[in-house]
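In listed order, ligands and their atoms are each counted from 1. Every heavy atom of this structure was used, including side-chain atoms; hydrogens, water molecules and symmetry mates were not. All residue numbers refer to positions in the sequence shown, counting from 1.
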Amino acid sequence: MTETMIRLQVEPLTREAFASFGDVIEASDAAHHFTINGGNTERYHDLAKIEPGSDGRSIVSIFRGQPRALPFTVEMVERHPLGSQAFVPLSGSPYLVVVAPAANTPGVEDLRVFLARGDQGVNYARGVWHHPLLALDGVSDFLVIDRAGEGPNCDEIRLDEAGVIEF
Ligand SMILES: NC(=O)N[C@@H](O)C(=O)O
Ligand code: NI
């Protein structure tokens, strides 16, 4: 009998739906925003809780991701127990965000899959399980804000049962 994998539902990324996993970084009217620079600029203020931990420091990098082919099989997730990790798209393409609660060892039933627009970033809160970068459509650059410091900061687990993402 062929093994039928669980098909994962894909949700649109919203602040509300993502709130228990971290922050959505976007210039939305729901954010605290105000005009600066003599009216030339709108500041969307304090959008994400960046956590480098007490013994770490925040660093800024660029990840250049190759597009993932669909259908995509989610077989593993990782987490950063010592700090948060933010991804802000620079290339304007959509991408996928796969997360699971920080609480315990996740199973496929704990996964949430979000489709992020090319003008939405995400910040994974410290310890939140997530799949490594899932760029779509084309080679995509992301500004990444995460932690540098001592100690192991990347736990990976292989899921007992895989899930598949297909649109
Ligand atoms: N390993 C690494 O820096 N990248 C992952 O953490 C990721 O979430 O893409
Ligand atoms: Ni990560």
Side-chain angles (χ1 to χ4, degrees), residues 6 8-15 17-26 47-167:
I6 291 174
L8 300 171
Q9 292 305 311
V10 181
E11 312 169 50
L13 180 66
T14 67
R15 292 158 59 100
F18 196 74
S20 61
F21 303 107
D23 313 286
V24 174
I25 301 168
E26 62 177 333
L47 296 175
K49 185 180 179 189
I50 305 299
E51 294 180 280
S54 56
D55 59 349
R57 65 186 179 89
S58 293
I59 58 171
V60 178
S61 309
I62 287 178
F63 283 24
R64 178 160 292 166
Q66 298 301 310
R68 304 283 189 164
L70 295 176
F72 182 82
T73 303
V74 179
E75 296 176 320
M76 60 77 67
V77 286
E78 64 171 34
R79 68 178 172 186
H80 309 299
L82 302 179
S84 59
Q85 186 175 50
F87 288 81
V88 181
L90 301 175
S91 304
S93 295
Y95 60 105
L96 289 169
V97 174
V98 177
V99 287
N104 46 25
T105 302
V108 66
E109 68 282 357
D110 298 310
L111 298 179
R112 297 278 293 278
V113 181
F114 297 95
L115 179 61
R117 299 191 315 262
D119 63 350
Q120 294 180 303
V122 289
N123 180 49
Y124 302 124
R126 186 164 51 86
V128 166
W129 294 102
H130 58 281
H131 192 281
L133 181 59
L134 292 167
L136 296 173
D137 292 358
V139 175
S140 304
D141 285 358
F142 290 77
L143 190 83
V144 176
I145 305 166
D146 57 8
R147 175 192 182 270
E150 295 300 312
N153 189 30
C154 188
D155 303 331
E156 291 186 5
I157 57 162
R158 190 167 186 78
L159 299 170
D160 291 341
E161 190 175 0
V164 67
I165 302 172
E166 50 192 356
F167 290 106

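A side-chain donor-acceptor contact under 3.5 Å links Trp129 to the backbone of Asn104.
Atom 3 (O) of ligand 1 has its closest protein heavy atom at Phe63 CZ, 3.5 Å. Nearest protein neighbour of atom 6 (O) of ligand 1, counting heavy atoms only, is Glu78 OE2, 2.6 Å.
Between His131 and Glu78, the side chains place no donor N or O within less than 3.5 Å of an acceptor N or O (distance only, hydrogens not considered).
The aromatic rings of Phe87 and Phe63 sit perpendicular to each other, their planes meeting at more than 60°, with 30° as the lower class boundary.
Partner Val99 forms a side-chain contact (heavy atoms from CB on, under 4.5 Å) with one of Leu111, Val128, Val77 and no other, that one being Val128. For the pairing with Leu134, the side-chain contact (heavy atoms from CB on, under 4.5 Å) check across Leu115, Val98, Leu70 returns one residue only, Val98.
Atom NE2 is the N, O or S atom of His130 at the shortest distance from the Ni ion (ligand 2). Of all N/O/S atoms in Glu78, OE2 sits nearest the Ni ion (ligand 2).
Near His80, meaning under 4.0 Å from one of its heavy atoms, ligand 1 places the atoms 6 (O). Atom numbering of ligand 1 starts at 1 in the shown order; those under 4.0 Å from a heavy atom of Pro132 are 7 (C), 8 (O), 9 (O). Numbered from 1 in the order shown, with element, the atoms of ligand 1 that lie under 4.0 Å from a heavy atom of His130 read 8 (O).
With 2.8 Å as the limit, Cys154 does not count as an N, O or S neighbour of the Ni ion (ligand 2). Among the atoms of Asp146, no N, O or S atom is found under 2.8 Å from the Ni ion (ligand 2). Here Tyr124 fails the criterion, with no N, O or S atom under 2.8 Å of the Ni ion (ligand 2).
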Worked verdict on Arg147 versus Asp55 for salt bridge (Lys or Arg N to Asp or Glu O under 4.0 Å): CA-CA 10 Å; Arg147 175 192 182 270; Asp55 59 349; 3.0 Å; yes
Quick one: do Asp23 and Leu47 satisfy side-chain contact (heavy atoms from CB on, under 4.5 Å)? Show the steps, please. CA-CA 7 Å; Asp23 313 286; Leu47 296 175; over 6 Å; no
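Looking at Glu26 and Arg117, a side-chain N of the basic residue comes within less than 4.0 Å of a carboxylate O on the acidic one, giving a salt bridge.
Once rounded to the nearest 0.5 Å, the distance linking CG of Asp119 with OG of Ser93 reads 11.5 Å.
Checked by distance only, ligand 1 and His131 stay at 3.5 Å or farther apart across all their nitrogen or oxygen atoms. Remark: ligand 1 and Asp146 share no N or O pair separated by less than 3.5 Å (distance only, no angle test).
At a 4.0 Å heavy-atom cut-off, ligand 1 does not touch Tyr124 at all.
Within a 4.0 Å radius of atom 8 (O) of ligand 1, the protein contributes at least one heavy atom.
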